[in-house]
Amino acid sequence: MTKKLFYIFSTLCLLLFGGTSANAQRKPASVILVAGQSNTDGRVSNNELPEYIRQNGYKHCLWSYGSDTISGGGRFEPFWPRVAKPDNHERWGYDAVVYYLLDQHCKRDFYVIKESLGGTAIDTACVSTNGMYWNASEDFLASTEAADKGGKSLLKAFTENIGACIDNVLSHHKRGFKLKALLWHQGESDKKMAAHYYDNLKSVVAYIRTYLVEKTGNTAYAHLPVICGTFSEKSRDHSEQIVQALARLEREDPNFHVVDASDATIQNDRLHFDAQGAELLGWRMYKKLTEVAGKIK
């Protein structure tokens, strides 16, 4: 990353997310939504965090994290990378880089609401970890509860935690709050039903946007920016059909954005980003976020 690009991204962040000026202190608190499967959850050891993160840490990032049966509970805590795996929870993903860059350059508290679980699909015809799905069909949602409440719906767990975070914390913020974007990386587990991925992900996005409008009364969230990363070309679960589904959604929806990760490096398991790959995607997701996050007024 060149110093010139670093400066440009920093300036964009200050403009869109607010800096240290008196005007920035009056801006609503920024909220980022994050969801997906293992490459969103994070599979890189914290021992391999970029040196700049290990040296400086996080000062302004507060997150609410749900995974599997673990609920975010509508509560926020200071961010440090971890996953809900008791045998090896000290791990990070691309989003840890996104938060760090925001933390360094925006200089004020921001909030992250994240739901992620490795090996999870949208389509119920696919194998999904613990039988949990992101599926947004009316029939599936009517048949089950949120994953953190004993059911199989990750989408319900995610949106219900968003609602709880709004009720418990964000609605009481003295400056108010603004949802900036949804970051999404998922699809490896839907490879078997790749032909359905366009419809499936479109329904998930519509469900989240509709929920946000109904919860907040802010119709602008019907156009919430969605930023999706693609997959390494070397991944054993890379599906060109799913990548083309993302590209079609980007063509049709001006608030849907695809970030290329085809050249990202991966671990020996031929599935998960390694430290360099996760960092690369993090920088690219951050760049796109700074470009689009100011569209909600």
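Note that the structure is predicted; figures quoted are calculated from it, not measured.
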Hey, what do you get for CH2 (W92) to CH2 (W80), rounding to the nearest 0.5 Å?
11.0 Å
Reported NZ-to-CG distance for the pair K287 and L101, which is rounded to 0.5 angstrom
13.0 Å
State which residues pass side chain to side chain donor-acceptor pair (under 3.5 Å) with S137; sequence neighbours excluded, sorted by chain then number.
N135
What distance do Y221 atom OH and N255 atom CG have between them, rounded to the nearest 0.5 Å?
13.5 Å
List the atom of G151, the atom of M132, and the distance in Å for their closest heavy-atom pair.
O-CE, 4.1 Å
Output, in order, the C-alpha distance, side-chain angles, deciding distance and verdict of side chain to side chain contact (heavy atoms under 4.5 Å, CB included) for F256 and L201.
CA-CA 11 Å; F256 189 99; L201 183 55; 4.0 Å; yes
Return yes if some donor-acceptor pair links the side-chain N/O of S71 with the main-chain N/O of D148 below 3.5 Å, else return no.
no
Let me check something: do M193 and Y198 share a hydrophobic cluster, defined by ILVMFWY side-chain heavy atoms less than 4.5 Å apart, either directly or through other members?
no
Applying side chain to side chain contact (heavy atoms under 4.5 Å, CB included) to Y58 and I53, what does each step give before you reach the verdict?
CA-CA 8 Å; Y58 300 86; I53 294 181; 3.7 Å; yes
Check side chain to side chain donor-acceptor pair (under 3.5 Å) between K149 and all other residues, then give those that pass, not counting sequence neighbours.
E160
Side-chain donor or acceptor of N46 paired with backbone N/O of P81 under 3.5 Å
yes
For R108 against S30, the heavy-atom pair lying closest together
NH2-OG, 4.0 Å
When you measure from the side chain of D41 to the backbone of G118, do you find a donor-acceptor pair of N or O atoms at a distance under 3.5 Å?
no
Contacts of type side chain to side chain donor-acceptor pair (under 3.5 Å), residue W184, not counting sequence neighbours:
Y197
Using the test side chain to side chain donor-acceptor pair (under 3.5 Å), find all partners of S203 that sit at least two apart in sequence or belong to another chain.
none
Contact list for residues 258-282, test salt bridge (charged side-chain N to carboxylate O under 4.0 Å, His left out), sequence neighbours left out
D263-R284
Residue pairs passing the salt bridge (charged side-chain N to carboxylate O under 4.0 Å, His left out) test where at least one lies in residues 215-243, sequence neighbours excluded:
D167-K215
Pairs satisfying salt bridge (charged side-chain N to carboxylate O under 4.0 Å, His left out), at least one member in residues 45-60, at least two apart
E51-R54
Drop me the distance from L182's CG to I162's CD1, to the nearest 0.5 angstrom.
8.0 Å
Looking at every heavy atom in both K191 and S239, which two are closest together, and how far apart are they?
CG-CB, 4.0 Å
Considering residues at least two apart in sequence or located in another chain, which fulfil the side-chain contact (heavy atoms from CB on, under 4.5 Å) criterion with A84?
Y65, S67, I70
Rounded to the nearest 0.5 Å, how far apart are OG1 of T144 and NZ of K156?
6.5 Å
For A195, what residues pass the side-chain contact (heavy atoms from CB on, under 4.5 Å) criterion, not counting sequence neighbours?
Q241
On a heavy-atom basis, the closest approach of S232 and F273 is N-CE2, 4.3 Å
Would you mind reporting whether D95 and M285 have side-chain heavy atoms less than 4.5 Å apart?
no
Do W134 and N200 come within less than 4.5 Å of each other through their side chains, counting heavy atoms only?
no
Taking it one step at a time, do L141 and Y207 satisfy side chain to side chain contact (heavy atoms under 4.5 Å, CB included)?
CA-CA 11 Å; L141 293 172; Y207 183 90; 3.4 Å; yes
Are V34 and S116 packed together at the side-chain level, in the sense that at least one heavy-atom pair is separated by less than 4.5 angstrom?
no
So among H185, H272, R43, which one has a side-chain hydrogen bond (donor to acceptor under 3.5 Å, both in side chains) with S38?
H272
As an exercise, state the distance from CZ of F231 to CG of L271, rounded to the nearest 0.5 Å.
10.0 Å
Aromatic ring pairing Y52/W283, orientation class (parallel under 30°, perpendicular over 60°, tilted between):
perpendicular
Are Y100 and L280 linked, directly or through other ILVMFWY residues, by side chains that come within less than 4.5 angstrom of each other?
no
Would you check if T40 and K114 make a side-chain contact, meaning some heavy-atom pair closer than 4.5 Å?
yes
Assess whether side chain to side chain contact (heavy atoms under 4.5 Å, CB included) is satisfied between L155 and I208, documenting all intermediate values.
CA-CA 8 Å; L155 195 53; I208 293 170; 3.8 Å; yes
Enumerate the salt bridge (charged side-chain N to carboxylate O under 4.0 Å, His left out) contacts for residues 60-78, please, sequence neighbours excluded, ordered by first and then second residue.
E77-R82
By salt bridge (charged side-chain N to carboxylate O under 4.0 Å, His left out), K288 pairs with (sequence neighbours left out) E291
With sequence neighbours excluded, what pairs up with D253 under the salt bridge (charged side-chain N to carboxylate O under 4.0 Å, His left out) test?
R209
Relative to the ring of F110, is the ring of Y99 parallel (under 30°), tilted (30 to 60°) or perpendicular (over 60°)?
tilted
Would you mind reporting whether S189 and T120 have side-chain heavy atoms less than 4.5 Å apart?
no
Sub-4.5 Å side-chain heavy-atom contact between N39 and E188
yes
Heavy atoms only: give me the nearest S64-N161 pair and the separation to one decimal.
OG-ND2, 3.1 Å
Residues H238 and V243: closest non-hydrogen pair is NE2-CG2, 3.9 Å
State, with a plain yes or no, whether a side-chain heavy atom of I113 is found less than 4.5 Å away from one of F158.
yes
Short side-chain to backbone donor-acceptor contact, Q37 and G187, under 3.5 Å
yes
Looking at side-chain heavy atoms only, is the closest gap between L289 and I32 below 4.5 Å?
yes
